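Notes for the one structure printed next.
Lettering follows sequence order; numbering is per chain, from 1. Here the structure is a predicted model, which is why all the values come from computation and not from measurement.
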Amino acid sequence: MRGLVLLVLSALLWCAPASAEIKLGIFPSNDPAKLHAVMRVFAAELSARTGEPVTTVVTRDYAELVQRVRDRSVDLAWVNTLNYVRLVSEVPAARYLATYMERNEITGRVTPYYQSYIVAPRASGLDSLAAIRGKRFAFTDRASTSGYAVPNHLLRTHGFDPDADFSKVLFLKRHDRVVDALLQGSVDAGAISDGTYFTAQRNHGDVLSILAKSDPIPLDAIVSSGSLADATVARVKRTLLEMPADHPFFHAMRDVLGWNAAGFEVRSDAFYDSVRAISGNP
Amino acid sequence: MTLKLRLIAAVFVTVFVIGALNLLALHRIAALDRETFAEHRAEASRAVDARIGEILAELDSAAINLSRPRDIVNALHGADNETLSDWSAAFVGSADHEAAIDTIVFTDTGGMVIARAPDEFRFGDDVSTTQPFFAASRDGSFLGIAPVDGRPSLVAARVLRKYDDVPVGVVYVACAITPDVLSKITGSRNVVLTYADAGGTISGEAALPIAHAVFSEAVATAHTNGRFRLSFLPDPNHERMLHLQTLLSMGAVIASVMTLVAMLLVLRRELAPYDAIIGGIRAYADRATTLPLLRKRLERAELRRDPQAGKVAAALVRMIDSLEGSFREIAANTARLEDLARNDALTSLPNRRALDEALEAEMRRIRRYGGAFTVILTDIDHFKDVNDRFGHAVGDQVLRQVADLLHTSSRATDMVGRWGGEEFLLLCPDTDAAAVACHAEKLRRAVADTVFPDGIRLTASFGIAEGRSGEPIAQLIERADRALYAAKAAGRDTVR
């Protein structure tokens, strides 16, 4: 018995250096290659500040990220709002660290909110929600906040039943793919984040009509899976809060992904209640 | 046949034989080519059918692989375009090295495209009326040729079923029938595969326009519905070989003709001296030249240029010299014979025959030109006594002396001849009887005054007659003889 205890202890000791590497999981909101490129800057910052090596993982989809937080194969996770409310309800060990903030494209203010837009190609002449009834509609992913949950709710509040009132509903996984499909005419309307909309505007001009805008949505949250030591978590949290708005990471976010990244702040869990209400999660 | 003709004939025979051999070779090659081509044609048709069958099998295999995984079935059921795009992108371009999958389409059960590869962002369109969708929905699968995005394609389609039971849509995997695919199926630019339907014709890459095809036939198989045709173009290697053969034949003919021309030129040059020699000899034979002229021709410098011809010419020159020597000898002998025939052997004076000819000539002369001539017939008196008393040798000597006397005492224009025995006749042109009588008198005295050998003294009698125009010679001689007789009768040593 003593031998077994020793064996377990030594195994734990042997594993200890491995736990020193911090793994950061990110949901696939964009092209994984681009995400990797940006998150490498973020990981470098975290690594410098915590003294631990940090690696990044872009998961196959939203569900995989939740699963990895649950089984602690990632230590930190950058989760979107919808997944955050699901995560904290499904994985009690998960801990909220901070909320990501963006500079609003229109007001110029840094806020922890963004919006979901229902858009259609301007060339199609579809300029109202009423006009897209019976048409082909694209969401991103059922686990997406601004690409599905919020716009789905938005449509329903406008009297739409997306399952019945569109000729076809397609799921294109990523926001940028929705823009591409809209521009190709493969779908007639779609739901995307405001950041995606402004990126498309920068890249393609004023080619999309905004048919509806959602209420402000709390932005992504950074959580820990519960695998890290408290001290490390504290160092991570401090690092996030202390990153200035002109940090190279935020520049990279803007330059590579088109997101108006501007910083992090700590909110309460109640900050996400508005999404909790439409997600069906307690 | 001349040497030239024989040489020309020899060259022509060579040319003919070479040409015939070439033609035979061409004929043999063409026959072999026909046999090979027939085998090749059947084999090519079988290979094309098998290849199309393989491609369809590969496409069907890909369609099965894309219709089974639960992930894909769920993605199609959930209209998850991104997952389906990922799966299709992994299959596009694979399956076959020659005819790669170039389109994968996922549709829902209503025929709306949920995802398409490689055209990732083209979906949401309706393909419910297309044959692959329609047939696969009805039968569970489709395998064959159908238009995909307006292009005729080899297509395999399968229904996707949730729980392996409830249809959620259709996947079809297509390889467009392009010139490149058709080329790769035959693997040759000389065997061209063509696909034709109501929409038009597509042909594989061809080394030449299809119109040049030597043979064309439908690929009759289970897979292709007779829409594929194989056209066999002429093999460039074979064409090159035939071209080479033709060139060789032409070359042989040209070489032979050039040889012939060269031979003729050489012959002409080499035989020129012999031609000159033969020409000279023939000219002489035709009496167009004389031996001295012929000799000159043979001595020309160009004949000496060719050693053999020079020897022949030199030999001929020597022969001409010899001939000329012989001719000169013959002429001399002839002159001598003529002399013998016309002169008296004892006295060397013209004999009776020569005198006859001279009298005839003189008679023709006075008949034509007028004038006169006179003859004196003289006979030595009692000459028989000389022979009898002194012998014939002395008699002959006396006759020679009388002849000399008559000859030397006469004018140069007079002709003195021995008429026979001891009779002499003098022909005196351009003289009449009176003038001749003086001359005869002078001769009479000369004879009478001459002392002959052994102290012999002689006289002679002379009868004169003047030639009358148109008178026969015999009649003239008759008159002269009568005058001589009269002189004899008057006592001899007389002129009458």
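- Contacts of residues 166-179 of chain A with chain B at a heavy-atom distance below 4.5 Å involve A:S167, A:K168, A:V169, A:L170, A:F171, A:L172, A:K173, A:R174, A:R177, listed in sequence order.
- The greatest number of non-hydrogen atom pairs below 4.5 Å with chain A, out of B:L84, B:V113, B:D119, B:I114, is found for B:I114.
- Under a cut-off of 6.0 angstrom, the local environment of CZ in B:R138 is crowded, with over 12 non-hydrogen atoms contributed by other residues, nucleotides or ligands.
- Side-chain contact between A:R142 and B:D80 is absent, with no heavy-atom pair separated by less than 4.5 Å.
- More than 12 heavy atoms of other shown residues, nucleotides or ligands fall within 6.0 angstrom of atom CZ in A:R156.
- The distance from the CG atom of A:D180 to the CD atom of B:E120 is 7.5 Å, given to the nearest 0.5 Å.
- For B:D126, no part sits under 4.5 Å from any heavy atom of chain A, backbone or side chain.
- Using a 4.5 Å heavy-atom cutoff, the side chains of A:V187 and B:F123 are in contact.
- Of residues 157-168 of chain B, no residue lies under 4.5 Å from chain A by any heavy-atom pair.
- Other residues, nucleotides and ligands contribute at most 12 non-hydrogen atoms within 6.0 Å of the CZ atom of B:F134.
- In the displayed structure, A:H36 atom NE2 is contacted under 6.0 Å by more than 12 heavy atoms of other residues, nucleotides or ligands.
- A:S186 places no side-chain N or O within donor-acceptor distance of the main-chain N or O of B:G124, the cut-off being under 3.5 Å.
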